[in-house]
*Asks:* 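Can you keep this structure in mind? I'll have questions shortly.
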Amino acid sequence: MSKYSQDVVKMLYDNQPEYISGQMIAEQLQISRTAVKKIIDQLKAEGCVIHSVNHRGHQLEQLADTWYPGIVEQIVDAQGFFDDVYVYDTIDSTQLAAKQKMVGHQNAMLVLSNEQTKGRGRFNRFWDSAKGKGLWMSAVFRPKVPFSLITTFNLFMALAIRESIQPFSNDKVEIKWPNDIYIGSKKVCGFLTEMSANSDGIEAVICGIGINMNQHADEFPEEIAHRATSIFEHADQKVDRYAFLDTLLKNMKKRYIQFLTVPFESIRDEYRTHSNIWHRTLKFTENDEQFSGQAIDIDKDGFLLVVDEAGTNHRLMSADIDL
């Protein structure tokens with residue numbers, strides 16, 4: 001990518017749906033019109049849909065399937081929520097990068113990548129993070145709350161993610177307690193929450209999120225194709241990644257403020273309504289113990305209440321559930 005590509009694409013983005021002349025771009029960046037044309041051609045080759053018309057200029061219709069740092073930073077800054085933003089083309093893991101960036105800093109931050117080569121979910125399971133097909137990110141929060149409240153953090157974030165996906169999907173989006181989002185019988189999103197703490201309390205909560213946005217069904221690896229889906233598979237058109245990111249960040253901010261200010265009890269009924277685990281026999285695994293049973297409720301602390309087939313009651317903090 002040329003030195004000025006980020007500047008040009010941001011100018012096009014900020015001026016849409018209007019045309020902006022090559023002369024104006026050249027003057028603002030103090031480069032030649034020939035250089036502008038080369039950059040426009042490069043952006044088109046990357047996948048940006050740009051209409052170029054003589055005597056009118058250039059109009060951006062659609063961005064490429066990549067994260068342009070300048071535009072991402074603008075969307076993030078508009079929320080006034082995260083202090084630092086890091087955008088990568090390819091990375092091993094946004095979660096690992098977030099942990100590294102935290103060292104010596106106290107800021108809330110967002111790490112975003114077009115691709116992960118070693119993405120991981122809960123229980124260290126591999127997460128397929130195909131380039132340009134999804135949203136692969138980690139968010140670092142700095143809550144000043146007691147340890148006892150952390151069990152409900154996932155539940156607030158699950159609602160934020162669910163309500164962000166729903167407007168883009170024609171089908172119902174639901175939560176599988178505690179960390180998965182489903183459309184129908186297949187998983188569209190998983191997220192992993194880790195905590196950094198010392199003897200004085202919680203230093204940070206790192207939330208890694210993987211959302212399948214624009215995969216076709218036949219693009220998933222064979223081993224997960226039967227249980228994975230994307231938003232695109234339930235939509236009328238391709239998902240605009242920037243519109244989705246904006247929606248997600250707004251909802252995460254709203255739910256995070258709720259997490260800090262109101263008890264889980266105040267949103268418990270809402271969470272139950274959007275959950276897909278009720279009225280069915282499921283297999284639960286917690287601490288190497290497996291049993292079948294039915295989830296009957298979520299208590300005020302976010303623990304799942306389950307009755308197994310023998311009639312024994314269980315109170316689960318974080319279990320693996322087979323639907």
Side-chain angles (χ1 to χ4, degrees), residues 10 67-89 91-114 116 119-122 127 129 134-165 178-179 181 189-211 241-264 266-267 302:
K10 189 171 183 302
W67 296 116
Y68 293 105
I71 300 175
V72 171
E73 289 165 6
Q74 181 173 303
I75 291 171
V76 175
D77 288 347
Q79 300 301 319
F81 191 49
F82 292 104
D83 304 305
D84 301 318
V85 184
Y86 302 93
V87 181
Y88 297 88
D89 183 45
I91 199 171
D92 51 0
S93 163
T94 61
Q95 197 78 345
L96 290 176
K99 292 176 183 177
Q100 293 164 358
K101 297 289 185 185
M102 283 168 49
V103 178
H105 298 87
Q106 294 299 317
N107 291 344
M109 68 181 71
L110 188 70
V111 180
L112 194 65
S113 184
N114 287 308
Q116 291 183 117
R120 288 289 181 269
R122 294 176 70 222
W127 182 272
S129 310
L135 186 145
W136 325 123
M137 64 177 256
S138 292
V140 177
F141 300 88
R142 300 289 185 173
K144 292 181 172 59
V145 296
F147 288 106
S148 60
L149 283 184
I150 289 300
T151 55
T152 66
F153 177 86
N154 284 349
L155 310 182
F156 283 92
M157 285 300 110
L159 283 172
I161 297 168
R162 190 215 70 82
E163 64 193 345
S164 299
I165 296 173
N179 292 76
I181 310 298
C189 165
F191 64 100
L192 170 68
T193 301
E194 298 178 286
M195 182 176 64
S196 174
N198 57 33
S199 57
D200 296 324
I202 297 166
E203 293 183 326
V205 175
I206 313 104
C207 185
I209 301 172
I211 302 175
R241 60 173 42 215
Y242 290 91
F244 183 82
L245 176 64
D246 184 56
T247 299
L248 177 63
L249 293 179
K250 286 176 180 175
N251 286 323
M252 288 178 69
K253 179 180 180 180
K254 178 185 75 174
R255 294 298 184 177
Y256 182 65
I257 292 171
Q258 279 188 329
F259 164 70
L260 294 177
T261 57
V262 301
F264 172 66
S266 66
I267 56 103

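Sequential numbering from 1 along the given sequence is applied to the chain's residues. Note: hydrogens, waters and symmetry copies are ignored here, and every other heavy atom, side chains too, is used.
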*Asks:* Using modelled atom types only, decide if a donor and an acceptor are shared between the side chain of E73 and the backbone of V85 within a distance under 3.5 Å.
*Replies:* no

*Asks:* In Å and rounded to the nearest 0.5 Å, what is the CD1 to CD1 distance from I161 to I209?
*Replies:* 4.0 Å

*Asks:* Could you tell me whether a side-chain N or O of D83 sits under 3.5 Å from a main-chain N or O of M109, the two making a donor and an acceptor?
*Replies:* no

*Asks:* Please give me the minimum heavy-atom distance between M252 and M157, naming the atom from each residue.
*Replies:* O-CE, 3.8 Å

*Asks:* Show your reasoning for whether side chain to side chain contact (heavy atoms under 4.5 Å, CB included) applies to R241 and N114.
*Replies:* CA-CA 11 Å; R241 60 173 42 215; N114 287 308; 3.3 Å; yes

*Asks:* Quick one: are the ring centres of Y88 and W67 less than 6.0 Å apart?
*Replies:* no

*Asks:* Are I150 and M195 close enough, and set up right, to give a side chain to side chain contact (heavy atoms under 4.5 Å, CB included), and what steps lead you there?
*Replies:* CA-CA 9 Å; I150 289 300; M195 182 176 64; 3.8 Å; yes

*Asks:* Which heavy-atom pair separates R142 from E203 by the least distance, and what is that distance?
*Replies:* NH1-O, 3.1 Å

*Asks:* Calculate, to the nearest 0.5 Å, the distance between atoms CG and CG belonging to L112 and L135 respectively.
*Replies:* 5.5 Å

*Asks:* Taking all non-hydrogen atoms of both residues, which atom of V72 and which atom of L245 are closest, and how far apart?
*Replies:* CG1-CD2, 4.2 Å

*Asks:* Do the non-hydrogen side-chain atoms of Q116 and D92 ever get within less than 4.5 Å of each other?
*Replies:* no

*Asks:* Is a side-chain N or O of Q95 found less than 3.5 angstrom from the main chain of I206, in a donor-acceptor match?
*Replies:* yes

*Asks:* Which distance, rounded to the nearest 0.5 Å, do you find between the CZ of F264 and the OG1 of T151?
*Replies:* 9.0 Å

*Asks:* Run the numbers on V140 and K101 for side chain to side chain contact (heavy atoms under 4.5 Å, CB included), then give the verdict.
*Replies:* CA-CA 10 Å; V140 177; K101 297 289 185 185; over 6 Å; no

*Asks:* Is a donor on one side and an acceptor on the other found under 3.5 Å between the side chain of Y242 and the backbone of I75?
*Replies:* no

*Asks:* CG/L155 to CD1/I267 distance, rounded to the nearest 0.5 angstrom?
*Replies:* 6.5 Å

*Asks:* Which atom pair, heavy atoms only, marks the closest approach of G302 to T152?
*Replies:* N-CG2, 4.2 Å

*Asks:* Between F141 and F153, is the ring centroid distance below 6.0 Å?
*Replies:* yes

*Asks:* Is there a donor-acceptor pair under 3.5 Å between the side chain of S93 and the backbone N or O of L96?
*Replies:* yes

*Asks:* Specify the closest pair of heavy atoms between A158 and P178, including all atoms of both residues, with the distance to one decimal.
*Replies:* CB-O, 4.4 Å

*Asks:* Please give me the minimum heavy-atom distance between M102 and A204, naming the atom from each residue.
*Replies:* CE-CB, 3.6 Å

*Asks:* Hey, could you give me the CG/CE distance between L249 and M137, rounded to the nearest 0.5 Å?
*Replies:* 6.0 Å

*Asks:* Rounded to the nearest 0.5 Å, what separates atom CD in Q258 from atom OG in S266?
*Replies:* 6.0 Å

*Asks:* Keeping the roles fixed (side chain from N179, backbone from F191), state whether a donor-acceptor pair exists under 3.5 Å.
*Replies:* yes

*Asks:* Under the criterion ring pair (Phe, Tyr, Trp, His ring centres under 6.0 Å), which of F81, F156, F82 is the partner of Y256?
*Replies:* F81

